[in-house]
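The structure displayed is predicted, hence computed values, not measured ones. The first residue in the sequence is number 1, and the count goes up from there.
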Amino acid sequence: MTKKLLTFFFIGTLIFSLSGCSSKQMPSETTDSTDQQTESETLPEDSKTYEELSLALPVADHEGWSLSGILTLPDGEGPFPAVILVHGSGPSDRDETIYENKPFKDIADGLAAHGIAVYRYDKRTYAYGKEMASDIDLTLKQETLIDASEAVKLLSDQPQIDASRIYVAGHSLGGQAIPLIRNMLKQYETQAAGFIFLAAPARDLAALMREQFDFLYSLTPVLSDTQKEQKEALYAQLEQLNDLDQLDPSQPILGAYPAYWRDILSYDPLWTAESMTEPCLLLQGEEDYQVTMTDFELWKSAFGEKENWTFQSYPGLTHLFMPGKKENANASYLKKQHVDETVIQSIADFVQNN
C-alpha cells in the first residue's frame with residue numbers, strides 16, 4: 001500500500017522529491033557520461049544497430065555548467081532526422097529511469113532502428129540538484145525550456161544531423177511544456193520541424209496532482225492513522241496553492257517553491273498551443289493514471305480538426321507507454337519492461353512522413 005499511495009512519479013515530483021517519490025538518488029553535481037554505463041554498452045559490438053556518442057549540453061544561463069548527454073545515431077552515413085527527448089517533472093537522468101525501466105533509452109534505441117537519431121540528456125535538476133533546490137526563483141524556464149531549446153541549437157550544428165528535420169518530443173510535463181519550448185525557439189530565431197506530445201497534461205499541475213491523490217487514496221479506502229495524517233497534509237497543501245501570495249517564498253510546498261507554482265499555474269497549454277502550425281503528434285496510454293484520457297480528449301477537442309495535429313491512444317499502456325493496468329498504479333513500474341513497439345512505430349512514421 002505504501003508504494004502505491006506515496007509514490008507520485010512525474011506529476012507530483014517537482015524540484016524536490018516527495019516522500020517515496022523517486023527510485024534513485026539526486027546527485028548534487030553533474031554526472032559525466034563516462035561514469036554511467038548505458039545498457040547498450042554492455043552489448044556485443046556486432047549486435048548493435050546504432051552508435052552512441054557522448055554529447056554534452058552547455059547550460060546557457062550558468063557558466064561552467066553542462067549536462068551529460070547521448071546522441072544515438074543509426075547505421076549509415078546521414079545526415080539523419082533527429083528527435084530530442086524532454087523529461088517530465090522531477091529530477092531525471094537522460095534515460096528517464098524509473099526503477100529498472102528506461103523509457104527514453106527505449107525510444108532512442110527503437111528510433112535508431114528506423115533511421116532516426118535521438119538526443120537525450122540529464123535534466124538540470126538531476127545534474128545540479130543541490131544548486132537548483134536552493135533557487136527559490138526557479139521556474140519552468142530554467143528547469144526545462146532553456147535546455148530543450150539549447151538542445152535544438154546543439155543538434156543543428158552536428159554534421160550527422162539534418163538541421164531541417166529536428167523534432168522535439170516531451171513526456172508528461174515535458175510534453176505540456178512543448179508550446180512554450182516552441183515559443184522560445186522562435187526567440188532563438190530557430191525552429192523545430194515538428195513536435196511530439198507524450199502523455200502531455202492539458203490541465204494545470206495542481207488539478208492533476210489532486211486527481212492523482214484522489215485516485216491513489218481510492219485504492220485503499222481504509223487508512224492507518226499515519227496515512228490519514230499524510231492525506232490531510234497533502235490536501236491542505238493543495239488548498240494553499242489557491243493563495244500563493246500568502247506563502248513564504250523561501251518555503252517549498254508540494255515539491256517546489258511558490259515562485260515555481262505561480263509561474264506554472266499561470267500557464268495555459270491549450271491556449272499557448274493555438275498558434276502552432278508545425279506538425280504535432282499527441283500520444284497517450286489509455287491505462288495512464290497520472291495523465292489520463294481526460295487530458296487526451298481536451299487536446300483532441302481543441303485541435304482534432306486541425307490538419308497539422310495527429311492523435312493516437314494505446315489500450316493497455318501506462319504513463320511510461322509500457323504494459324500495465326491503471327488500477328495497479330505505480331506497481332506497474334516495478335517490473336522491468338520496454339516502451340511498446342507500436343509507440344516507437346508511431347513516432348517513426350510521424351518523423352518520416354513530415
Without hydrogens or angle criteria, can the side chains of [X] and [Y] be said to hold a donor-acceptor pair below 3.5 Å?
| X | Y | answer |
| --- | --- | --- |
| Glu287 | Thr318 | no |
| Gln187 | Asn183 | no |
| Glu96 | His171 | yes |
| Thr139 | Gln142 | yes |
| Tyr260 | Glu143 | yes |
| Asp288 | Thr292 | no |
| Tyr119 | Thr72 | no |
| Ser313 | Gln284 | no |
| Asn101 | Tyr333 | no |
| Ser92 | Lys123 | no |
| His319 | Ser172 | yes |

Strictly distance-based, threshold 3.5 Å: is any side-chain N or O of [X] a donor or acceptor partner for the main-chain N or O of [Y]?
| X | Y | answer |
| --- | --- | --- |
| Gln191 | Arg182 | no |
| Trp261 | Ile253 | yes |
| Gln158 | Leu154 | yes |
| Arg165 | Val351 | yes |
| Gln227 | Ser224 | yes |
| Ser149 | Leu145 | yes |
| Asp122 | Tyr126 | no |
| Trp299 | Ala200 | yes |
| Ser218 | Phe215 | yes |
| Ser346 | Thr342 | yes |

Considering all heavy atoms of both residues, which atom of [X] and which atom of [Y] are nearest to each other, and what is their separation?
| X | Y | result |
| --- | --- | --- |
| Pro279 | Ala193 | CD-O, 3.2 Å |
| Ala177 | Leu140 | CB-CD2, 4.0 Å |
| Ala148 | Ile181 | CB-CD1, 3.7 Å |
| Gly285 | Met293 | O-SD, 4.4 Å |
| Asp137 | Ala259 | CA-CB, 4.1 Å |
| Phe303 | Ala273 | CZ-CB, 3.7 Å |

Trace of the side chain to side chain contact (heavy atoms under 4.5 Å, CB included) decision for Leu208 with Phe213 = CA-CA 9 Å; Leu208 286 177; Phe213 294 162; over 6 Å; no

Does the pair [X]/[Y] count as a salt bridge with the N-to-O cut at 4.0 Å?
| X | Y | value |
| --- | --- | --- |
| Asp95 | Arg120 | yes |
| Asp295 | Arg203 | yes |
| Lys141 | Asp263 | no |
| Glu52 | Lys105 | yes |
| Asp61 | Arg124 | yes |

CD/Gln237: more than 12 non-hydrogen atoms of other groups inside 6.0 Å
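Yes, CD of Gln237 has more than 12 neighbouring heavy atoms, counting only those of other groups under 6.0 Å.
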
Check this for me: Lys306, atom NZ, are more than 12 non-hydrogen atoms of other residues, nucleotides or ligands nearer than 6.0 Å?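 For Lys306, atom NZ is crowded (more than 12 foreign heavy atoms under 6.0 Å).
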
CA sep, side-chain torsions, deciding dist, call: Val152, Leu155, side chain to side chain contact (heavy atoms under 4.5 Å, CB included)
CA-CA 5 Å; Val152 174; Leu155 281 205; over 6 Å; no

To the nearest 0.5 Å, what is the distance between [atom1] ([X]) and [atom2] ([Y])?
| X | Y | atom1 | atom2 | value |
| --- | --- | --- | --- | --- |
| Leu85 | Leu198 | CG | CG | 8.0 Å |
| Tyr121 | Arg94 | OH | CZ | 13.0 Å |
| Leu244 | Leu265 | CG | CG | 6.5 Å |
| Gln337 | Ile98 | CD | CD1 | 13.0 Å |
| Asn330 | Leu320 | CG | CG | 10.0 Å |

Using the ring of each side chain (for Trp, its six-membered ring), is Tyr235 parallel, tilted or perpendicular to Tyr217, with breaks at 30° and 60°?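 It falls in the tilted class, 30° to 60°.
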
Output field: ring centroids Phe195/Phe197 closer than 6.0 Å: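 Distance test on ring centres: not under 6.0 Å, no.
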
- Establish, yes or no, whether a centroid distance under 6.0 Å links the rings of Trp65 and Tyr128.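 Under 6.0 Å, so yes.
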
Q) Step by step, would you call Glu51 with Leu53 a side chain to side chain contact (heavy atoms under 4.5 Å, CB included)? A) CA-CA 7 Å; Glu51 179 183 11; Leu53 302 179; 3.1 Å; yes

* Hey, mind stepping through Phe80 and Ile116 against side chain to side chain contact (heavy atoms under 4.5 Å, CB included) and telling me if it holds? -> CA-CA 6 Å; Phe80 303 104; Ile116 300 167; over 6 Å; no

| said: Do Lys325 and Tyr289 form a cation-pi contact, if we require the NZ or CZ to be under 6.0 Å from the six-membered ring centre and within 45 degrees of the ring's axis? | reply: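 No cation-pi geometry.
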
Dump the intermediate steps for side chain to side chain donor-acceptor pair (under 3.5 Å) on Gln176 and Tyr267, then the final yes or no. CA-CA 10 Å; Gln176 187 183 58; Tyr267 168 49; over 6 Å; no

